[in-house]
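Okay, structure first, notes after.
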Amino acid sequence: MNKYDPATIESRWQARWEQDRTFKAPNPGDPGFDPDKPKFYVLDMFPYPSGVGLHVGHPLGYIATDIVARYKRMRGFNVLHPMGYDAFGLPAEQFAVEHGVHPRVTTEQNIANMTRQLKRLGLSYDWDRCFATTDPGYYKWTQWIFLQLYGAWFDPASDHARPIHELIADLDNDNLYIGPDGELVSPYAEGFEGIGGVPAGCRRYCEMTRREQRELIDSYRLAYIDEVAVNWCPALGTVLANEEVTNEGRSERGNYPVYQRPLRQWMLRITAYAERLLRDLDLVKWPESIKLLQRNWIGRSEGTEVQFSMDHSPHAIEVFTTRPDTLFGATYMVLAPEHRLVDRITTPQQREAVDAYKKQAAGRTEVDRTADARKKTGVFTGAYAINPVNGWKIPVWIADYVLTGYGTGAIMAVPAHDQRDFEFATTFDLPIVAVVEPPEEWFEQRASAVEALQGLDLDSLRKRYAENPAVFGQAWEGEGYGMNSANADTSLDALPTERAKRRITQWLEEQGLGRGQVQYKLRDWLFSRQRYWGEPFPILHGEDGEVRPVPEDQLPVELPDMEDFRPEASDDPDTPPRPPLSRAPQSWRIVELDGKRYTRELNTMPQWAGSCWYYLRFTDPNNEQRFAGRQAERYWMLSHRADGTEHRGGVDLYVGGVEHAVLHLLYARFWHKVLYDLGHVATPEPFGRLFNQGYIQAYYYEDDRGVRVPAEEVVDAQGRPAMEVQDEDVEFFHEGRPVRRLYGKMGKSLKNAITPDHICDQYGCDTLRLYEMYMGPLDQSKLWNVRDIIGVHRFLQRLWRNFVNEQTGELRVVDSEPPEALRRLLHHTIQRVTTAMNTMAFNVAIAALIELNNALVNRETLEREIAEPMVLLLSPMAPHVAEELWQRLGHEPSLACAPWPEYDPAMLEQESVELPVQINGKVRGRIRVPADADDKAIEQAAMNDEKVAASLNGREVKKCIVIRKRMVNLVVPEDG
RNA sequence: GCCGGUGUGGCGGAACUGGCAGACGCGACGGAUUCAAAAUCCGUUUCCCGGCAACGGGAGUGUGGGUUCGAAUCCCUCCACCGGCACCA
């Protein structure tokens, strides 16, 4: 083989790596494990094995992590670099339904195909660690983790999860009592100290019936059943998580309508972890933008909970507000239509109107609501509440602009200082009272916007505002000094917002009417799905309502074989959900345990479950005793800093797309924290460092009906394939019909996918790897451009010719000394490539290697001193050609663990340097001075330069700025 | 509407911590080689003005301003595109 022949080289080395288990990562205790090396865990977000396989967008991240893995091995790390498949879930099931095959069969086929594709890319995974979330040996432990959640509760006092039996013990021993609303009351808590016996209004656990006890305990579990309003999608035959529903109120997958309806479902208490999920973002090195997305999703807000008593009614309405300082301006209240008090407080006269409104609100999907452009609607309940600070009797309304799921589902409306309330008050002619003084600028801005206010001076505006804020046309939502805010007891007048908030909250606390409170947007995680292709719950239901976990030694609960695994889809939103497992054989559904008959839970877990902990399984994928051996988990998840201290960083580098910013990453962190609290894992966070790769985008084409056509079939007017045409303003055609060119993320839905196989066939995977890395910064999205691939391919060909004489097939490498300049260039290249590796700027690393390679063109021979480091520098990015050359250079097969080249800093030092000379910041000449010249000498040299002297034209140099080894700047007075 | 990101030649992009803008690649143009083509090799390629040329002058990193001896880089204004959230009290 004389010419560069990627096909031969690549298949040979891939076979070799597989045969030699070159990339096997031994665990502590395994043969070949070297305890002296530090560890590095580099992980990809594992793919979903879809029927169409990979397109060139998938490997972008995989190639990057592979380069890091290979680089770290050469740097002397034990590298864990695994790959697996996230194979449960809707798409696999739908694919199976469409093709009439069992999802297990299609999933296995898809996995086989994707594995083949991945192996062709020469990725250095430890394939012995590969698994799919659908393997019973894996989901056994997914079920086990679910049981950990089921068997735990969140103790707010210690701020972490504890085994549920500890709660039972505390209740049994009267360390805790049960309050009137089922809350846990500690006799040692403030206010109860020193008082013996049961606190007022509380009950003892031992005095409850067994059923009450069970219900109480169940209500504290991290996994619990609740009747909640869920997103029911009849067309898919399943309920969906909030995250799986679009803003338009349709299913993310399939775009079917979604309806709200109450159902009994498994929930996971992620809200208990809201604060820690937020706070611990400080522990991880993630892109700020992703942290921000998570913070927004968690949606923490600080405020005050306030009780409003009712006029002529024993009920009280509890509201949450972030602006307690505006309490004096609360002129009415609004309940969400679904609020539990609505029916109880509505007066007979208003009942009909309220019922009608409730019905209408329930039937309204998000689409309808947004279509209204947020027009405020609502109905008066006929009831009145009492504003606790000033005793005003204020009307209670219901309106759908108040959401059930947030806060208490009820608000105090302060129309003067909340735009939504202002609009509502204006629509229904409710009173508006100003209690915060806006700043001057706002008055000025309003005065120019509102006709009735034009020409008024500031004092008149203020006076006007105090009398009638409605005239100003909008609410002032900012901060300011309090006004109109005093009662006999306390006053917020003239207090700035922050202080007013504190004072009124304190006052409310003293009166027993409220307290400071933190609210989160985050809701508990709806965990049931009415699907077949998911993990079965390890849960049994007794006929008496008992919920019982499947004993650990009976895990996994395997999916039953079923002929018909289709969900029961329907167009009727009122169809009750019927999980496919309800049609499973009776032998599966009915279980006898300790002489008692149970029915299995028939729902399955959502797709996110399997991906919540796969990174842990990779540390010890074949362990049958534990989800991962303690030692293996600790070894790969903990590391040590240079000073020897323990770093609980988890996965050292996790690479994947931004689309998982909130869902997968939040769920996985939640599970991890539960496992951490229960002592099963060693780190508080799973992923110490996260990196988001950009998308590969590509052109796609739509015909005049807006139907997308396959991009590879589109041609221009000359009949050339559209993919090879780059110019703007070209007309394109598909089967003779004109089509429009658009631009978007590569994928199946846009019909613009290009498979990596295609590129590998044409150029080899080293070229594909280089090209994907050379396209630009890893974290940016970029356009797939076939035409540019040739550039990196030429680089590899040229590299080959620099090493190998194509005529004779002989190596050009010799043992003589290289010229000094070349040696310097090499060391400079080592430095550049090393820096680039550390910052994952692989495009820059490749550019540096191309430069070095270009300097070798047209030389008859190549010195070993240059050749060997060069091959090593290239090897993480183009490993096949590097291995081939390394072997031809006379080395033992793999360079996978060869030491990374070091550069000699002395080689980067030049004896003399060329400096640009600027005059007033513009380059006017160049001088060459010794590298160690001092400022004076450099200044003198600059002044002596002919061109500089000419440009100076006799002007006096007022100042000379010398930056060593960079430039000289002479400051002179401006000419003329 | 709110939050975040990005904006550099014909194209993808480079530029340490404020210090020579346009590395490297694509494309284009010119040349060598070739019967010819492909491949390969050499050269030119930000724009404008002057010059046969070597070269000289000016402008220039989305817009306008500011800080600085010096700004792609820092600050403010606006614009465009991309992404997230969206009645969250």
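Proteins get letters first, then strands, A, B, ... in listed order; numbering begins at 1 in each.
- For A/Gln474, there are no side chain to side chain donor-acceptor pair (under 3.5 Å) partners two or more places apart in sequence or in a different chain.
- Separating the P atom of B/G9 from that of B/G5 is a span of 22 Å, rounded to the nearest Å.
- Taking atom P on both B/G30 and B/C78, the two are 49 Å apart, rounded to the nearest angstrom.
- Between the side chains of A/Thr304 and A/Thr505, at least one donor N or O sits under 3.5 Å from an acceptor N or O.
- Nucleic acid contact for A/Gln797: sugar-phosphate only, since backbone atoms but no base atoms lie under 4.0 Å from a heavy atom of the residue.
- Side-chain N/O atoms of A/Tyr401 and A/Asp421 include a donor and acceptor closer than 3.5 Å.
- Within 4.0 Å of A/Arg926, counting heavy atoms only, lies at least one base atom of the nucleic acid.
- Rounded to whole Å, the separation between the C1' atoms of B/U8 and B/G62 comes to 10 Å.
- In this structure B/G13 sits in the anti conformation; its chi angle is more than 90° from 0.
- Residue contacts for A/Val414: at a heavy-atom cut-off of 4.0 Å it reaches no nucleic acid atom on any strand shown.
- When only modelled atom types and interatomic distance are considered, A/Glu275 and A/Tyr520 share a side-chain donor-acceptor pair under 3.5 Å.
- Comparing A/Asn296 and A/Gly405 along RNA chain B, the residue whose closest nucleotide (by nearest heavy atom) sits nearer the 5' end is A/Asn296.
- Residue contacts for A/Asn854: at a heavy-atom cut-off of 4.0 Å it reaches the sugar-phosphate backbone alone, with no base atom in range.
- Comparing B/G50 with B/C42, their C1' atoms sit 29 Å apart, to the nearest whole Å.
- Across the C1' atoms, B/G22 and B/G7 are found 16 Å apart, a figure rounded to whole Å.
- Where A/Met775 and A/Gly791 each meet RNA chain B at their nearest nucleotide, the meeting point lying more 5' is that of A/Met775.
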